[in-house]
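Read the structure below first, then the notes.
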Amino acid sequence: MSVVVAKNIRKSFGALEVLKGVSLTVEGGEVVALIGRSGSGKSTFLRCLNGLESVDSGEIEVAGHGMSRKPAELRQLRRDVGIVFQSYNLFPHLTAGENIMLAPVQVKCMGKDAARAEAKRCLALVGLGDRFEAYPDMLSGGQQQRVAIARSLAMQPKVMLFDEVTSALDPELTGEVLAVIENLARDGMTMLLVTHEMGFARRVANRTIFMKDGVIHEEGPSAEFFSAPKTPELQAFLRSEVG
Amino acid sequence: MRTFGSPEFLFIVYALRWTLSLTVLAFVGGGIMGIVLALLRIARSRTLRTITSFYMQVIQGLPLLVLLFLCYYAPSLFGIEIAALTAAAIALTINSSAFLGAIWESALRAIPKAQWESADALALTPYKTLRFVIAPQAIRLALPSTVGFLVQIIKQTSLASIIGFIEITRAGQLVSNATFEPLKAFLSVAALYFAVCFPLTQFSLWLERRTARRGAGT
Ligand SMILES: Nc1ncnc2c1ncn2[C@@H]1O[C@H](COP(=O)(O)OP(=O)(O)OP(=O)(O)O)[C@@H](O)[C@H]1O
Ligand SMILES: [Mg+2]
């Protein structure tokens, strides 16, 4: 069953057309990596999928919800879509545990005790079972990002979107975050991730997509995509990324 | 002629309850209105934002004394007698609302947009986002300036003496007229203002240091 269906998405910011007809389908359990140069529209596309940006034209269906402009319908969709940003964006006045409990309690009307148990489970999942009471500013960047992932997971989303979640981290901290994502992949979570970690995309993603100038320029199963890129643009991009 | 003694001093001290009552009225009234103004300033509707901003700028540009006279004399044009306390409370409330509204507006704006977005992405309603994510952070940020403005209100209540409301400044004036000892009278008044304001100022400074420390991430 397709968890994400995007058909011919177009999106402009003023005169700048950022997405020029992007179509993508992600099946349940599939991990899809999205790569491309800065400004190619990767983040914008991801943000369209949970309605943080509205599209100008095209169709989006995520986890069985059609994209809607009605706030209540949009919230229904967002309950099933987790998103994690580059900058973690934890709520600084709440502990790690409270960060995670907030949405289950306030959105799903889960009881406090059940939510606490769920938060503990999600923290353990990201390897932070002992940091329930820690405030974000007491945690390292990598730990904060893992709490952010746990916060999304606590809503039991049907799909997770990751937008360069390791780009703000020191190299020695990216590994622990990538390991968490890899575990999720192994557990069958459907994921769409924008990344600059080519090795990770190649290893973990079933499929990789190269975006260029607001369109999908090339895509394919990760193994072939990286070993035998077809278009000269992707070949050039991969060369530049490897350095 | 009377000399300045403890009955005179006590007369001024008793008037302190009116200074404080007026302060509480202005702070509570201005606070409630200020919350509404701050929220209107971040509303979706551009019209609401513009109207609110216009109101706040007009009030901030108006000398409090003029506002006080307007509140005191305007009702009499319609044949309504208004008590000095009521007029002063209304004027101070209106004045405080504009300033507290501005303080809280900037605190709300200081919370990164990413916080709203994260809450949005977690499917929280705008109201719950404000209540559980934005407001707690904004309140913490705005607390020092809010306490600082409370001190301003306390001092501003002295203007109500001009329309004959007997708070401590007016009480000092009465004692001074009766005793011809203005220095003693007004030094007593000053001491009382100091006794009330100084702890609050210290509290505000402490809050500010605490906020700065948290901001530095320690
Ligand atoms: N809210 C916005 N308003 C105006 N322009 C925007 C907005 N968001 C993105 N853009 C522009 O759209 C283009 C695509 O941005 P986007 O963030 O989607 O790129 P990206 O592929 O994620 O790049 P990066 O790798 O740097 O994150 C950029 O030129 C950017 O400046
Ligand atoms: Mg981006």
Side-chain angles (χ1 to χ4, degrees), chain A residues 43 46-47 49-53 62-63 65 71-94 98-109 135-141 144 147-148 150-157 160-163 168, chain B residues 35 38-40 42-49 103-147 206-218:
Chain A
S43 297
L46 222 56
R47 292 162 58 83
L49 292 181
N50 77 342
L52 283 179
E53 301 287 354
V62 184
H65 306 277
E73 290 176 13
L74 195 51
R75 282 196 293 275
Q76 283 302 321
L77 179 146
R78 284 172 174 164
R79 286 168 71 140
D80 289 333
V81 185
I83 186 164
V84 182
F85 305 95
Q86 182 176 333
S87 51
Y88 341 129
N89 306 345
L90 292 179
F91 306 133
H93 60 299
L94 301 178
E98 290 165 343
N99 262 277
I100 300 171
M101 287 168 64
L102 181 63
V105 171
Q106 296 303 332
V107 177
K108 288 187 156 180
C109 305
Y135 282 92
D137 63 5
M138 297 156 63
L139 298 172
S140 74
Q144 288 187 55
V147 173
R151 182 173 69 177
S152 280
L153 289 177
M155 289 296 280
Q156 311 201 311
M160 287 285 291
L161 311 174
F162 294 91
D163 190 0
Chain B
I35 290 172
L39 292 177
L40 286 173
I42 60 162
R44 281 253 167 81
S45 152
R46 198 196 177 88
T47 322
L48 281 180
R49 291 201 307 265
I103 290 173
W104 295 339
E105 175 197 343
S106 64
L108 286 173
R109 285 188 195 282
I111 308 304
K113 232 179 136 221
Q115 293 282 309
W116 287 94
E117 263 186 1
S118 293
D120 253 0
L122 288 167
L124 265 75
T125 59
Y127 167 73
K128 287 190 169 173
T129 302
L130 192 64
R131 170 156 172 215
F132 295 109
V133 177
I134 307 299
Q137 298 183 58
I139 288 170
R140 206 171 284 186
L141 268 183
L143 212 52
S145 358
T146 303
V147 176
W206 177 79
L207 285 170
E208 207 157 306
R209 277 196 303 273
R210 200 192 57 163
T211 312
R213 242 194 342 263
R214 273 204 75 84
T218 44

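Chain A is the first sequence line, chain B the second, and so forth, proteins listed ahead of strands; every chain is numbered from 1. None of the values given here were measured: they were computed from a predicted structure.
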Hey, is the main chain of B/Phe132 close enough, under 3.5 Å, to the side chain of A/His93 for a donor-acceptor pair?
-> yes
Would you name the heavy atoms of B/Glu117 and A/Phe85 that are closest together and state the gap between them?
-> OE1-CE2, 4.4 Å
Starting at CG of B/Leu122, measure out to CZ of A/Arg75 and round the result to the nearest 0.5 Å.
-> 13.0 Å
Between CD on residue B/Gln137 and CG on residue A/Leu94, distance to nearest 0.5 Å | 8.0 Å
Contact origin within A/Asn50 toward chain B - heavy atom pairs under 4.5 Å | side chain
Check each atom of A/Leu90 against the heavy atoms of chain B and say whether the ones under 4.5 Å are side chain, backbone, both or neither.
-> backbone
Below 4.5 Å from any heavy atom of chain B, which atoms of A/Val81 appear? Answer side chain, backbone, both or neither.
-> backbone
Hey, which of A/Met138, A/Arg79, A/Arg47, A/Gln76 has the most heavy atom pairs under 4.5 Å with chain B?
-> A/Arg47
Could you grab the distance from atom CG of A/Asn99 to atom OG of B/Ser118, nearest 0.5 Å is fine?
-> 9.0 Å
Atom pair CD1/CZ of B/Ile111 and A/Phe91 - distance to nearest 0.5 Å = 12.0 Å
